[in-house]
Amino acid sequence: MDKTIVLLPRLSEKTYAVSQLHNVYVFDVPNDSTKHTVARGVEAQFGVGVAEVNIVNVKGKVKRTVRKGGRGVQGQRSDLKKAYVTLKDGDKLPFFDEPEDKDAKKAEKKADKKADAKAKKESK
């Protein structure tokens, strides 16, 4: 069963907190995937060690909308499967790098450009 699976990381505040506190990353996976296929997929795609995988089936919510003329229509969102992947100690994934570091680097670059511009004006 040499099957590649599509791993879509869930990027939210809740998954960020879980990844920082417990080294657990959350992925949306196909509905027919198992814990073993998810673990093999994460190891193959990202080159990290997987300690544990938990899977949750989320049923799609029923939603109502109103059509033109006042008639109500009922629909349903698709079912979803989430995988909570715990990585081995020392392994990390690059999804949640520190955003402050990127902002600080941008600010430093802007300050350097301004300083260079001032130096050029003063030298003339």
Side-chain angles (χ1 to χ4, degrees):
M1 189 167 158
D2 220 3
K3 171 179 140 176
T4 59
I5 64 171
V6 178
L7 299 169
L8 299 173
R10 292 186 69 90
L11 304 175
S12 67
E13 292 178 9
K14 185 175 182 179
T15 59
Y16 174 75
V18 171
S19 70
Q20 296 299 313
L21 293 175
H22 305 291
N23 202 22
V24 174
Y25 294 87
V26 184
F27 297 95
D28 287 339
V29 295
N31 288 336
D32 62 342
S33 59
T34 63
K35 290 182 180 185
H36 298 290
T37 58
V38 171
R40 279 187 257 135
V42 170
E43 288 174 350
Q45 243 179 340
F46 301 107
V48 295
V50 175
E52 184 180 358
V53 177
N54 292 322
I55 290 186
V56 177
N57 286 314
V58 179
K59 298 294 179 189
K61 287 184 176 183
V62 175
K63 293 291 184 175
R64 290 180 52 91
T65 60
V66 179
R67 287 213 175 150
K68 202 173 194 179
R71 186 179 68 180
V73 178
Q74 199 169 24
Q76 185 173 7
R77 291 184 181 168
S78 300
D79 294 341
L80 181 69
K81 189 177 252 192
K82 294 191 289 187
Y84 289 82
V85 179
T86 305
L87 300 182
K88 292 184 179 176
D89 292 337
D91 288 342
K92 288 201 175 272
L93 294 179
F95 302 135
F96 295 117
D97 287 337
E98 293 294 324
E100 296 96 34
D101 292 342
K102 292 178 183 177
D103 293 338
K105 288 179 183 177
K106 287 180 184 178
E108 286 177 17
K109 286 181 183 178
K110 285 183 182 180
D112 290 340
K113 286 181 182 179
K114 286 182 182 179
D116 291 339
K118 284 184 182 180
K120 286 181 183 179
K121 285 182 182 179
E122 290 176 0
S123 65
K124 288 184 181 182

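Quick caveat, the model's predicted, so the values are computed rather than measured.
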Following the transitive rule for hydrophobic clusters with a side-chain heavy-atom cut-off under 4.5 Å over Ile, Leu, Val, Met, Phe, Trp and Tyr, establish whether I5 and V26 coincide in one cluster.
no
In this structure, would V85 and F95 fall into the same cluster of hydrophobic residues linked by side-chain contacts under 4.5 Å?
yes
Is the backbone N or O of G60 less than 3.5 Å from a side-chain atom of D79, with the two atoms forming a donor-acceptor pair by type?
yes
Going through the checks in order, is the side chain to side chain contact (heavy atoms under 4.5 Å, CB included) test met by V29 and L7?
CA-CA 6 Å; V29 295; L7 299 169; 3.7 Å; yes
Please examine the side chains of T86 and H22, heavy atoms only from C-beta on, and report whether any two atoms are closer than 4.5 Å.
no
Say whether V42 and I55 are linked into one hydrophobic cluster, either directly or through other cluster members, by side-chain heavy-atom distances under 4.5 angstrom.
yes
Which pair of heavy atoms, one from G49 and one from D91, lies closest together, and at what distance?
N-OD2, 2.8 Å
How many angstroms lie between atom OH of Y16 and atom CG of L11, to the nearest 0.5 angstrom?
12.0 Å
Where do K81 and V38 land on the side chain to side chain contact (heavy atoms under 4.5 Å, CB included) test, with the steps shown first?
CA-CA 11 Å; K81 189 177 252 192; V38 171; over 6 Å; no
Any non-hydrogen side-chain atom of V73 less than 4.5 Å from a side-chain atom of R64?
no
Same apolar cluster: V24 and V58, side chain cutoff 4.5 Å
yes
To check you understand the geometry: which heavy-atom pair defines the closest contact between E43 and V48, and what is its length?
CG-O, 3.2 Å
Mind checking whether Y25 and K92 have side chains closer than 4.5 Å, heavy atoms only?
yes
State yes or no: do V56 and L80 share one hydrophobic cluster built from I, L, V, M, F, W and Y residues joined by side-chain heavy-atom distances below 4.5 Å, directly or via other members?
yes
Closest heavy-atom pair and its distance - V50, K88:
O-CE, 3.8 Å
Check against side chain to side chain contact (heavy atoms under 4.5 Å, CB included), N54 and K35:
CA-CA 7 Å; N54 292 322; K35 290 182 180 185; 4.1 Å; yes
Does Q76 have more than 12 heavy atoms from other residues, nucleotides or ligands lying within 6.0 Å of its CD?
yes
Just wondering, are more than 12 heavy atoms of other shown residues or ligands nearer than 6.0 Å to CG in N31?
yes
